[in-house]
Amino acid sequence: MKLNHINIVVTDVPPAIHLFENQLGFKCIVNRKDRMAVLTNTDEFALVLWSSQLNKEQTVQYPENFHIGFYQPDREAVIAIYEKLQGEAVTFESEPKQIRNTFGFYFHFDHLMIEISVIPASFD
């Protein structure tokens with residue numbers, strides 16, 4: 001079974017589009033008045049950005065430790081993304097480092113935690 005899409009809630013859609021397009025390799029294919037956008041990547045995965053304004057309760061709150069992650073081919077790619085993100089409105093938990101059986105880092109953007117890491121060695 002292949003994961004087709006995920007819908008994440010953000011407080012402001014345009015900055016989220018910017019982050020995912022300019023830093024994480026997505027392309028926006030639908031933008032509905034900056035309240036909902038659909039982005040896709042080279043793996044044909046759809047990322048739906050949903051404005052919190054469309055929710056009954058307009059707050060954005062994810063469970064503790066909820067995050068989305070993106071695998072990179074190697075350590076150099078992880079470091080390159082980390083360096084690219086330096087100018088963005090994100091908060092890093094740490095520099096790229098050994099995490100369990102992989103190498104990567106976590107950062108926070110608009111209430112969302114995102115992981116960038118190398119495919120774990122046990123998956124080879």
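What you see is a predicted model; the values in this text were computed from it and never measured.
- Connection of Ile68 to Ile119 is not established within any shared hydrophobic cluster, with ILVMFWY side chains joined at heavy-atom distances below 4.5 Å, either directly or through further cluster members.
- Few gaps surround CD on Gln86; more than 12 heavy atoms of other groups in view lie less than 6.0 Å from it.
- Note on residues 22-49: pairs passing ring-ring contact (aromatic ring centres under 6.0 Å, His included), not counting sequence neighbours, are Phe20-Phe26, Phe26-Phe70.
- With sequence neighbours excluded, the residues that form a side chain to side chain contact (heavy atoms under 4.5 Å, CB included) with Ala77 are Gln72, Pro73, Asp74.
- Ring-centre distance between Tyr106 and His67: below the 6.0 Å cut-off.
- Looking at heavy atoms from C-beta onward, Leu112 lies in side-chain contact with Tyr62 at the 4.5 angstrom threshold.
- With sequence neighbours excluded, the residues forming a side-chain hydrogen bond (donor to acceptor under 3.5 Å, both in side chains) with Arg35 are Gln53, listed by chain and number.
- By the 4.5 Å heavy-atom criterion applied to side chains, Glu88 and Leu85 are counted as neighbours.
- In the hydrophobic clustering of this structure, Val48 groups with Leu3; members are Ile, Leu, Val, Met, Phe, Trp, Tyr whose side-chain heavy atoms approach within less than 4.5 Å, directly or through other members.
- Within the 4.5 Å cutoff, side-chain heavy atoms of Leu49 are placed close to those of Leu39.
- Contacts of His5 classified as side-chain hydrogen bond (donor to acceptor under 3.5 Å, both in side chains), with partners at least two apart in sequence or in another chain: none.
- Take Tyr82 and apply the ring pair (Phe, Tyr, Trp, His ring centres under 6.0 Å) test, not counting sequence neighbours, and it matches Phe92, Phe105.
- When all heavy atoms of Gly104 and Val78 are compared, the closest pair comes out as CA-CG1, 3.8 Å.
- Rounding to the nearest 0.5 Å gives a distance of 4.5 Å between CD1 of Ile8 and CG of Leu47.
- In the hydrophobic clustering of ILVMFWY residues, with side-chain heavy atoms under 4.5 Å counting as a link, Val30 and Val10 come out together.
- The backbone N or O of Val118 lies less than 3.5 Å from a partner atom in the side chain of Thr102, making a donor-acceptor pair.
- Taken to the nearest 0.5 Å, the CG atom of Asn7 stands 8.5 Å off from the CE atom of Met36.
- Residue pairs meeting the salt bridge (charged side-chain N to carboxylate O under 4.0 Å, His left out) criterion with at least one member in residues 8-34, sequence neighbours excluded, do not occur.
- With sequence neighbours excluded, the residues forming a side chain to side chain contact (heavy atoms under 4.5 Å, CB included) with Asn22 are His18, listed by chain and number.
- Residues Ile116 and Tyr71 fail the side-chain proximity criterion, which asks for heavy atoms closer than 4.5 Å.
- Applying the 6.0 Å contact sphere to CD of Gln98 captures more than 12 heavy atoms from other residues, nucleotides or ligands.
- To the nearest 0.5 angstrom, Lys84 atom NZ is 5.0 Å from Gln23 atom CD.
- Transitive grouping of hydrophobic side chains (ILVMFWY, heavy atoms separated by less than 4.5 Å) brings Trp50 and Ile17 into a common cluster.
- For the salt bridge (charged side-chain N to carboxylate O under 4.0 Å, His left out) condition, the pairs that include at least one residue of residues 100-118, sequence neighbours left out, are Arg100-Glu115.
- Listed here is the closest heavy atom pair of Ala89 and Phe109: O-CD1, 3.7 Å.
- With sequence neighbours excluded, the residues that form a side chain to side chain contact (heavy atoms under 4.5 Å, CB included) with Ser52 are Val9, Thr11, Val60.
- Summarising the geometry of Ile114 relative to Leu19, their closest heavy-atom pair is CD1-CD2, 4.3 Å, with the distance given to 0.1 Å.
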